[in-house]
Amino acid sequence: MLNIILMGPPGAGKGTQATHLVDKFHLPHISTGDMFREAIAKKTPLGLQAQAIIARGDLVPDDVTCALVKERLSQDDCAKGYLLDGFPRTIPQAEALEKMGEEIGRPVTLVIDLEVPEAELIRRISGRRVCPKCGASYHIDTMKPKVEGICDRCGAELIQRKDDNAESFKTRLDNYYKSTQPLVDFYKAKGLYKCFDGTKPLQELLGEISAELEALK
Ligand code: AMP
């Protein structure tokens with residue numbers, strides 16, 4: 001079963017790879033970042049709670065995030081697998097996911113980590129533009145949309161994320177090293193971890209990850 005986690009620092013290309021992988025393997029794309037942004041746009045109680053935390057680059061509390069994912073994973077479309085993008089980000093989240101996986105009979109089968117050097121992450125994040133409607137990601141120099149400022153996939157106007165500024169990025173990166181990187185050893189110990197070079201061209205990397213997923217099908 002394809003019960004996949006996609007991890008990596010901010011700017012590693014998780015969202016971009018996820019968009020292609022979910023199309024190719026017909027998996028639901030579960031991006032906690034996208035779910036939070038949607039809640040913020042809709043001004044739901046969750047959105048109001050998460051807004052300031054996300055804008056400054058901090059992590060939303062584990063209990064809130066885990067409840068959101070638990071609810072999502074229990075939906076019917078996850079019965080044939082799922083692709084988690086940006087979750088788990090802490091050891092307690094990974095432990096909670098393990099429990100959820102057991103409860104719903106869909107344990108994680110592979111953890112894909114995208115490795116990218118810090119200088120490249122900064123370059124990517126500072127030029128990133130995203131679609132607020134479908135979540136597609138672009139770069140002002142290296143991944144331009146066909147029409148400037150407009151999403152190729154859904155035609156919405158592209159924006160710069162509020163947390164894609166230098167200060168929030170630094171907090172996000174610090175949080176990544178402190179809270180998320182320990183997941184590498186956690187999943188290595190379970191034999192689920194696989195690392196990829198996130199600096200490779202999109203299609204090449206997609207091919208490598210796809211081969212890994214094909215073998216799991
Ligand atoms: P992302 O789109 O994955 O970069 O996530 C954007 C922001 O949403 C993060 O910087 C966090 O503030 C929040 N967030 C997303 N996923 C999680 C998570 N698993 N745990 C805590 N906060 C999260």
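Note: hydrogens, waters and symmetry copies are ignored here, and every other heavy atom, side chains too, is used. When a ligand or atom number is given, it counts from 1 through the structure's own listing order.
Counting non-hydrogen atoms of other residues, nucleotides and ligands closer than 6.0 Å to CD of Glu115 gives a total of 12 or fewer. For Glu204, the CD atom counts as densely surrounded, since its 6.0 Å shell holds more than 12 non-hydrogen atoms of other residues, nucleotides or ligands.
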Intermediate values then yes/no, side chain to side chain contact (heavy atoms under 4.5 Å, CB included), Glu212 and Ile112: CA-CA 9 Å; Glu212 204 68 37; Ile112 295 164; 5.9 Å; no

Please tabulate, one line per pair, the protein nitrogen or oxygen atoms found under 3.5 angstrom from a nitrogen or oxygen of ligand 1, with distances to 0.1 Å, or say none if there are no such pairs.
{"unit_1": "ligand 1", "atom_1": "2 (O)", "unit_2": "Arg37", "atom_2": "NH1", "d": "2.9"}
{"unit_1": "ligand 1", "atom_1": "2 (O)", "unit_2": "Arg37", "atom_2": "NH2", "d": "2.8"}
{"unit_1": "ligand 1", "atom_1": "2 (O)", "unit_2": "Arg161", "atom_2": "NH1", "d": "3.2"}
{"unit_1": "ligand 1", "atom_1": "3 (O)", "unit_2": "Arg89", "atom_2": "NH1", "d": "3.1"}
{"unit_1": "ligand 1", "atom_1": "3 (O)", "unit_2": "Arg89", "atom_2": "NH2", "d": "3.1"}
{"unit_1": "ligand 1", "atom_1": "4 (O)", "unit_2": "Arg89", "atom_2": "NH2", "d": "3.3"}
{"unit_1": "ligand 1", "atom_1": "4 (O)", "unit_2": "Arg161", "atom_2": "NH2", "d": "3.0"}
{"unit_1": "ligand 1", "atom_1": "12 (O)", "unit_2": "Asp58", "atom_2": "O", "d": "2.5"}
{"unit_1": "ligand 1", "atom_1": "16 (N)", "unit_2": "Thr32", "atom_2": "OG1", "d": "2.8"}
{"unit_1": "ligand 1", "atom_1": "16 (N)", "unit_2": "Gly86", "atom_2": "O", "d": "3.4"}
{"unit_1": "ligand 1", "atom_1": "16 (N)", "unit_2": "Arg89", "atom_2": "NH1", "d": "2.8"}
{"unit_1": "ligand 1", "atom_1": "19 (N)", "unit_2": "Gly86", "atom_2": "O", "d": "2.9"}
{"unit_1": "ligand 1", "atom_1": "19 (N)", "unit_2": "Gln93", "atom_2": "OE1", "d": "3.0"}
{"unit_1": "ligand 1", "atom_1": "20 (N)", "unit_2": "Gln93", "atom_2": "NE2", "d": "2.9"}
{"unit_1": "ligand 1", "atom_1": "22 (N)", "unit_2": "Val60", "atom_2": "N", "d": "3.0"}

Quick one: side chains of residues 58-65, donor-acceptor pairs under 3.5 Å with protein atoms, not counting sequence neighbours, listed by atom name and distance.
{"unit_1": "Asp58", "atom_1": "OD1", "unit_2": "Asn175", "atom_2": "ND2", "d": "3.2"}
{"unit_1": "Asp58", "atom_1": "OD2", "unit_2": "Arg56", "atom_2": "NE", "d": "2.8"}
{"unit_1": "Asp62", "atom_1": "OD1", "unit_2": "Thr90", "atom_2": "OG1", "d": "3.0"}
{"unit_1": "Asp62", "atom_1": "OD1", "unit_2": "Gln93", "atom_2": "NE2", "d": "2.9"}
{"unit_1": "Asp62", "atom_1": "OD2", "unit_2": "Thr90", "atom_2": "OG1", "d": "3.4"}
{"unit_1": "Thr65", "atom_1": "OG1", "unit_2": "Val60", "atom_2": "O", "d": "3.4"}
{"unit_1": "Thr65", "atom_1": "OG1", "unit_2": "Pro61", "atom_2": "O", "d": "3.0"}

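Residues that satisfy the side-chain hydrogen bond (donor to acceptor under 3.5 Å, both in side chains) test with Lys200, not counting sequence neighbours, are Glu208. Scored by the salt bridge (Lys or Arg N to Asp or Glu O under 4.0 Å) test, Lys42 finds Glu38 as partners (sequence neighbours excluded).
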